[in-house]
Amino acid sequence: RIQSASFFDKLSYEGVPDIRLVVYHGVPVMAMLRLPTKASDGKANLHTGGLGVGVNIKDGVTTNAVQYNQPRESHPDTGEELKGLTIPHWKDILRMGSQFESIIGLGYIGVDIVIDEHMGPMLLEVNARPGISIQIANQSGLKKRLDVVNDHMESLRTIDDKLVFASEHF
């Protein structure tokens with residue numbers, strides 16, 4: 001059973017938060033923290049009222065938050081501010097996302113990762129067709145980021161190359 005990291009105690013209503021990464025050819029191009037709310041019945045699903053919080057790929061710091069595609073500054077149930085938080089285990093989370101895409105080989109995937117209090121980051125699921133609401137949480141479109149990766153594909157040979165590239169560009 002997953003015991004959500006204590007980092008999330010004041011950021012979550014009942015359920016388990018997760019981090020969604022969109023990974024393109026092994027390069028993490030966009031990320032968001034998904035937080036359960038009372039409106040979403042303790043689930044982290046955005047379409048049912050969960051919060052989507054954009055995360056900067058470079059440093060794992062939260063940026064913008066949305067609920068029902070509308071901006072939010074704080075969690076509606078806990079009152080906690082959502083901007084400026086540093087996600088724990090960030091480099092490990094990015095590496096996991098990159099590795100899973102390399103193993104699966106679909107080219108474009110959504111990787112959902114939870115952070116367990118004792119075990120650290122753990123894979124929740126991989127999605128072949130992840131939702132694109134991550135763009136709203138990040139106030140940024142995916143297409144430009146995918147094009148940047150395409151333009152540099154020849155130099156992105158190893159997972160380390162891909163992680164450095166993601167950190168420098170996104």
Side-chain angles (χ1 to χ4, degrees), residues 1-24 26-72 74-78 80-104 106 108-140 142 145 163 166 170:
R1 172 176 163 303
I2 294 170
Q3 182 181 349
S4 191
S6 57
F7 171 83
F8 297 112
D9 286 352
K10 295 181 180 179
L11 294 172
S12 179
Y13 176 83
E14 293 183 355
V16 177
D18 65 60
I19 294 100
R20 159 70 56 88
L21 295 176
V22 170
V23 183
Y24 183 61
V27 180
V29 293
M30 201 169 279
M32 86 173 145
L33 172 62
R34 299 186 315 173
L35 298 171
T37 65
K38 186 175 182 178
S40 68
D41 197 28
K43 295 176 181 66
N45 298 329
L46 272 58
H47 68 279
T48 62
L51 289 165
V53 185
V55 181
N56 186 314
I57 292 286
K58 179 178 183 172
D59 54 16
V61 174
T62 57
T63 57
N64 309 292
V66 295
Q67 183 182 34
Y68 298 117
N69 296 329
Q70 298 299 313
R72 296 261 347 169
S74 61
H75 195 290
D77 306 309
T78 69
E80 288 296 309
E81 293 293 316
L82 300 169
K83 188 174 184 176
L85 306 169
T86 302
I87 306 295
H89 306 284
W90 188 245
K91 297 293 181 189
D92 295 332
I93 290 167
L94 292 178
R95 182 167 293 280
M96 286 175 68
S98 183
Q99 288 172 327
F100 285 120
E101 193 291 317
S102 296
I103 291 167
I104 293 169
L106 291 177
Y108 178 88
I109 61 171
V111 179
D112 296 343
I113 296 172
V114 296
I115 304 175
D116 181 85
E117 180 67 20
H118 304 290
M119 304 285 289
M122 300 172 68
L123 176 67
L124 181 63
E125 67 180 351
V126 175
N127 298 279
R129 292 178 297 280
I132 57 174
S133 59
I134 193 169
Q135 297 173 103
I136 297 168
N138 281 279
Q139 295 182 350
S140 179
L142 276 166
R145 294 182 185 208
L163 296 176
F170 312 124

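Hydrogens, waters and symmetry mates play no part in the numbers below; they use all other heavy atoms, side chains included.
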Practice task
Please round to the nearest 0.5 Å and tell me the distance separating atom CZ of Arg129 and atom CD1 of Ile109.
Solution key: 13.0 Å
Handout entry: Minimum heavy-atom distance between Leu35 and Pro17, given as atom pair plus value
Key = CD2-CB, 3.7 Å
Completion exercise
Correct closest heavy-atom pair for Pro36 and His75 would be O-NE2, 2.9 Å
Could you list the donor-acceptor pairs under 3.5 angstrom formed between side-chain atoms of residues 81-95 and any protein atom two or more places apart in sequence or on another chain?
residue: Trp90; atom: NE1; partner: Ile57; partner atom: O; Å: 2.8
residue: Lys91; atom: NZ; partner: Lys58; partner atom: O; Å: 3.3
residue: Arg95; atom: NH1; partner: Asp160; partner atom: OD1; Å: 3.3
residue: Arg95; atom: NH2; partner: Asp160; partner atom: OD1; Å: 2.4

Fill in the blank from the handout: Heavy-atom closest pair (Glu101 atom, Leu106 atom, distance to 0.1 Å) is OE2-N, 3.5 Å
Exercise for the section: Indicate the atoms forming the closest heavy-atom contact of Val27 with Ala166, along with that distance. Expected result: CG1-CB, 3.9 Å
Practice task
Enter the distance from Ile113:CD1 to Leu124:CG here, rounded to the nearest 0.5 Å.
Solution key: 9.5 Å
Handout entry: Spatial distance of atom CD1 (Ile115) from atom CZ (Phe7) [nearest 0.5 Å]
Key = 7.5 Å
Practice task
Give a yes or no on whether the backbone of Gly50 and the side-chain of Asn45 come within a donor-acceptor separation of less than 3.5 Å.
Solution key: no
Exercise for the section: Could you tell me whether a side-chain N or O of Arg72 sits under 3.5 Å from a main-chain N or O of Gln67, the two making a donor and an acceptor? Expected result: no
Completion exercise
Taken to the nearest 0.5 Å, the spacing of Gln3 CD from His118 NE2 works out to 4.0 Å
Practice task
Say whether, by atom type as modelled, one donor and one acceptor occur between the side chain of Ser133 and the main chain of Ile136 under 3.5 angstrom.
Solution key: no
Practice task
Give a yes or no answer on whether the side chain of Asp77 reaches the backbone of Tyr13 with a donor-acceptor pair at less than 3.5 Å.
Solution key: no
Completion exercise
d(Glu14 CD, Thr37 OG1) to nearest 0.5 Å is 10.0 Å
Handout entry: Result of checking Leu33, Val16, Val114 against Phe8 for side-chain contact (heavy atoms from CB on, under 4.5 Å)
Key = Leu33
Fill in the blank from the handout: Heavy-atom nearest pair, Pro28 first then Phe170, reads O-CD1, 3.7 Å
Exercise for the section: Working to the nearest 0.5 Å, report the span between OG1 of Thr78 and NZ of Lys10. Expected result: 9.0 Å
Handout entry: Residue list, salt bridge (charged side-chain N to carboxylate O under 4.0 Å, His left out) with Arg34, at least two apart or on another chain
Key = Asp18, Asp112
Handout entry: Smallest separation among heavy atoms of Leu51 and Pro76, with atom names
Key = CD1-CD, 3.6 Å
